[in-house]
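Structure, as structure tokens:
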Amino acid sequence: MEVRVRYAPSPTGLQHIGGIRTALFNYFFARAQKGKFILRIEDTDQERSSEESIQDLYETLNWLNIVPDEGPVQGGPYGPYIQSERTKLYKDYANELIEKGKAYKCFCTSDRLDALREEQTAAKSKQIGYDGKCRNLTQQEITALENEGKPFVIRLKVPKEGKTTFHDLLMGDITRKNSDVNPDPVLLKSDGFPTYHLANVIDDHSMNITHIMRAQEWIPSGPLHILLYEAFGWTPPLYCHLPMVMGKDGKKLSKRHGSTAVKDFREIGYLPEALLNYVSMVGWSYDDKKEFFTEDELCELFSLEKINKAPGVFDYKKLDWYNGMYIREKSDIELVKLLLPYMQSANYISQKADEEEMKKLFSIIPLVKERLKVLSDVTEMVKFLYTEDEVEDATLLLPKKQTLLETYQALKGAYEILLQYKDQQDEVIEEHLMQLSSSLNLKVNGVFMPIRVSVTTSSVSPPLFDSIRALGWDKALLRIEHAITLLETEVKNG
RNA sequence: GUCUCCAUCGUCUAGUGGUUAGGACACCGGGUUUUCAUCCCGGCAACGGGGGUUCAAUUCCCCCUGGAGAUGCCA
């Protein structure tokens, strides 16, 4: 039988790490099994669903190169894959359940439900939830309430006795007493939209989904869903509940841990292959050797058996490491393309990006390539090449444990050397600067650092001579002159 | 409160009824180097506790503890 899995997010916010991890695992599993990956949109929450979220979903999947076999974009053989366009189906099925005596209309107001829950919580009641008030309304009572135009929901009649078990491919059998399952959960809301439970079960069944891979937070709902399948007389699919993705504090990953929206990662300058690779390693591994996987490899090698049961912490630093590794694997030309948007948004390069600008960008790639953790780092790194900033604080020019006067002498001496030997090989210039440092009885760094800071306004920069060449000798020398003047003034002022 | 699930270095993990419990990130040292970074070398660091089963348990079972999730007209 062909494997059919789905990713079924609700568009109530930006796609985040946890969601995308679920999407990835489903996608890899489908590919590895030569099955189908289906994308379905569960926009049954009219309050929170938004078009923006749907666009973000498409953009994110596209960025990660996850292409659904069936789904909203391409359409599919089972009608629309957007739940808000399938409401009649859910309503019909809910009514079918009423006819079968498996569900009933409930006219309780939200206010009553809120008060009830509060009461139960305060009383530390054993079970918190609906008390079944409307479960046994007579037909006359129901008709009367309907004639009054009272809004209602449809609730499932959860059996009071017995227990329900489902098998999880990862966890094994999971059993709950029916009396512990959510008491008579709402299936159809008063606005005519289905709840997750109803829509999900109907769609998974009607779209012939074979494996449900979703986050472990759904485990407690498993028995409820089985009850629904049984009420309809359907065979449930196979379940595989994926370990959750947590933040450093062990709690469900959320904004307070840092960025969680894939869009943020994309904008900061994480490469899709790095994010995809790392996210796939949270909760899954291949062996104790291989840690770099292309999307194609994952599509081939992914297997359920290697999924970990325990939740995993999302490690931003490890993601950085992966990203740096992937950046360094890029060719200079690829990197130019990737970096260009960041240079443009910093206004270092014009929107039209003429040939000269591109040539300059290309020339500085080797300076930054092995220093980038994320693409957006580039602007700070090359700032000195694109702005006219100069050092304005003499103390910044001072290397550790070196006096003002020593630094002044060092930089002045260095300036002369640079002026004289600038057309020579790096080694020649370097040799002369080293001689200078020893003649002044300074550390090598005592000569190089002031130059570096003068030219780049930072004690951290790409290699000095490369930086100077990228800037141009004339400009560099002018900046050094400026720094010398600065030091000179300070020396005179004591 | 009740229910469900989980448990190897700080983190992601490999692994087995008998191993010096392996790797990666992070961290700390050292080397290369004019800074940073890259790169190379080295170090730190784990089977939560208690009972069983067994000749032998990190591994199998039970309890405890700890953590997480669920308890919505959100998903």
Side-chain angles (χ1 to χ4, degrees), chain A residues 8-10 12 42-45 47-49 106 108-110 113-114 117 120-121 123-130 151-155 168 170-171 174-177 179-183 185-191 193-197 199-200 214-223 241 243-244 246 248 250-252 278 281-291 306 308-322 324 328 368-373 381 399 426 430 433-434 437 443-449 451-453 456 458-465 467:
Chain A
S10 41
T12 55
E42 307 214 331
D43 55 346
T44 55
D45 185 340
E47 287 281 302
R48 298 193 302 148
S49 293
C106 165
C108 294
T109 63
S110 303
L113 263 21
D114 290 345
R117 199 175 349 266
Q120 290 166 332
T121 310
K124 302 205 165 160
S125 164
K126 186 162 184 279
Q127 193 177 42
I128 294 168
Y130 189 58
F152 63 87
V153 301
I154 295 179
R155 289 181 182 275
D168 186 283
L170 224 53
M171 306 293 175
I174 294 171
T175 303
R176 269 186 103 169
K177 285 191 286 203
S179 55
D180 288 329
V181 173
N182 327 17
V186 172
L187 263 22
L188 201 74
K189 310 180 212 177
S190 56
D191 64 2
F193 273 62
T195 59
Y196 169 84
H197 304 298
N200 195 260
R214 61 185 4 172
Q216 280 174 359
E217 59 190 325
W218 290 107
I219 288 181
S221 300
H241 286 91
M244 310 239 304
M246 316 303 248
K248 258 252 178 292
K251 304 255 198 302
K252 215 167 150 180
Y278 174 61
M281 293 299 134
V282 180
W284 185 85
S285 64
Y286 182 65
D287 60 17
D288 60 339
K289 303 231 164 32
K290 193 167 169 58
E291 55 194 345
K306 296 297 223 167
N308 215 70
K309 288 202 232 177
V313 174
F314 187 80
D315 186 347
Y316 288 84
K317 290 211 171 153
K318 191 147 189 180
L319 205 216
D320 282 347
W321 175 74
Y322 268 105
R328 268 166 255 133
V368 298
K369 194 177 198 170
E370 60 194 25
R371 276 161 252 270
L372 294 171
K373 277 212 286 271
M381 235 166 250
D426 285 1
E430 191 179 326
L433 290 173
M434 307 246 287
S437 71
K443 286 185 182 156
V444 174
N445 192 41
V447 170
F448 279 89
M449 188 54 79
I451 307 175
R452 182 185 309 282
V453 176
T456 70
S458 169
S459 59
V460 176
S461 83
L464 183 56
F465 297 133
S467 297

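We name chains A, B, ... by the order of the sequence lines, and we start the count at 1 in each one. All values derive from a computational prediction rather than experimental measurement.
- Nucleotide B:U38 forms no Watson-Crick or G-U wobble pair with any nucleotide shown, as no partner meets the under 3.5 Å limit on both distances.
- A:Thr175 comes within 4.0 angstrom of the backbone, heavy atoms only, and of no base.
- Here the side chain of A:Ser285 pairs no donor or acceptor atom with the backbone of A:Asp287 at under 3.5 angstrom.
- If you take OH of A:Tyr278 and P of B:A26, they are 11 Å apart, rounded to a whole angstrom.
- With rounding to whole Å, A:Asn308 atom CG is found 13 Å from B:U11 atom P.
- The salt bridge (charged side-chain N to carboxylate O under 4.0 Å, His left out) search around A:Lys189 returns none, not counting sequence neighbours.
- Across the strands present, B:C5 finds its partner in B:G67; the criterion is a Watson-Crick or G-U wobble pair with both atom distances under 3.5 angstrom.
- At the heavy-atom level, A:Lys318 lies under 4.0 Å from base atoms of the strands shown.
- For A:Asn182, there are no side-chain hydrogen bond (donor to acceptor under 3.5 Å, both in side chains) partners, not counting sequence neighbours.
- A gap of 44 Å separates the C1' atoms of B:G23 and B:G72, to the nearest Å.
- Between B:U32 and B:A46, the distance separating the two C1' atoms is 33 Å to the nearest Å.
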Write out a two-atom table: protein N or O, nucleotide N or O from nucleotides 33-40 of chain B, distance below 3.5 Å.
unit_1	atom_1	unit_2	atom_2	d
B:U34	OP1	A:Glu430	OE2	2.8
B:U34	O2'	A:Asn445	OD1	3.4
B:U34	O2	A:Arg452	NH2	2.3
B:U35	O2'	A:Ser459	O	3.1
B:U35	N1	A:Arg452	NH2	3.3
B:U35	O2	A:Ser461	N	2.9
B:U35	O2	A:Ser461	O	3.1
B:U35	N3	A:Arg452	NH1	3.1
B:U35	N3	A:Ser461	O	2.7
B:U35	O4	A:Pro463	N	3.2
B:C36	O2	A:Arg371	NH1	2.6
B:C36	N3	A:Arg371	NH1	2.3
B:A37	O2'	A:Glu370	O	2.3
B:A37	N1	A:Glu370	OE2	3.3
B:A37	N3	A:Glu370	OE2	3.1

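- As the counterpart of B:C60, B:G52 is assigned, both hydrogen-bonding distances of the Watson-Crick or G-U wobble pattern falling under 3.5 Å.
- Using N1 to N3 plus N6-O4 or O6-N4 for Watson-Crick, or N1-O2 and O6-N3 for G-U wobble, each under 3.5 Å, B:A21 pairs with nothing.
- To the nearest whole angstrom, the two C1' atoms, one in B:U4 and one in B:G29, are 47 Å apart.
- Between the NZ atom of A:Lys177 and the C1' atom of B:C5 there is a distance of 17 Å, given to the nearest Å.
- Atom CH2 in A:Trp284 sits about 10 Å away from atom P in B:A14, given to the nearest Å.
- If you check every strand for non-hydrogen atoms under 4.0 Å, A:Gly222 touches nothing.
- A:Arg328 pairs by the salt bridge (charged side-chain N to carboxylate O under 4.0 Å, His left out) definition with nothing, not counting sequence neighbours.
- For the pair A:Asp320 CG and B:U11 C1', the computed distance is 14 Å after rounding to whole Å.
- In this structure A:Arg48 satisfies the side-chain hydrogen bond (donor to acceptor under 3.5 Å, both in side chains) test together with A:Asp45, sequence neighbours excluded.
- Atom name C1', nucleotides B:G42 and B:G50: the rounded distance is 39 Å, in whole Å.
- When the C1' atom is compared between B:A56 and B:U16, the two are found 13 Å apart, to the nearest whole Å.
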**OP:** Produce a footprint string for nucleotides 65-75 of chain B: one letter per nucleotide, 5' end first; B if the base is under 4.0 Å from any protein heavy atom, S if only the sugar-phosphate is, - if neither.
**Re:** ---SBSSSBBB
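- The shortest heavy-atom contact between A:Ile219 and A:Pro223 is O-CD, 3.6 Å.
- Of all heavy-atom pairs between A:Arg452 and A:Ser458, the closest is CG-O, 3.6 Å.
- Place A:Leu170 and A:Gly312 on RNA chain B by their nearest nucleotides, and A:Leu170 ends up nearer the 5' end.
- Take A:Lys318 and apply the side-chain hydrogen bond (donor to acceptor under 3.5 Å, both in side chains) test, not counting sequence neighbours, and it matches no residue.
- Regarding A:Ile174, its CD1 atom lies at a distance of 11 Å from the C1' atom of B:C6, rounded to whole Å.
- A search for side-chain hydrogen bond (donor to acceptor under 3.5 Å, both in side chains) contacts involving A:Asn445 returns nothing, not counting sequence neighbours.
- For A:Tyr196, the ring pair (Phe, Tyr, Trp, His ring centres under 6.0 Å) partners are A:Trp218, A:His225, not counting sequence neighbours.
- Between A:Asp315 atom CG and B:C12 atom P there is a gap of 8 Å when expressed in whole angstrom units.
- Counting any heavy atom pair closer than 4.0 Å across all strands shown, A:Lys290 reaches no nucleic acid atom.
- If you measure from atom NZ of A:Lys317 to atom C1' of B:A26, you get 6 Å, rounded to the nearest angstrom.
- Between A:Lys373 and the phosphate of B:A26, there is no side-chain N or O to OP1/OP2 separation shorter than 4.0 Å.
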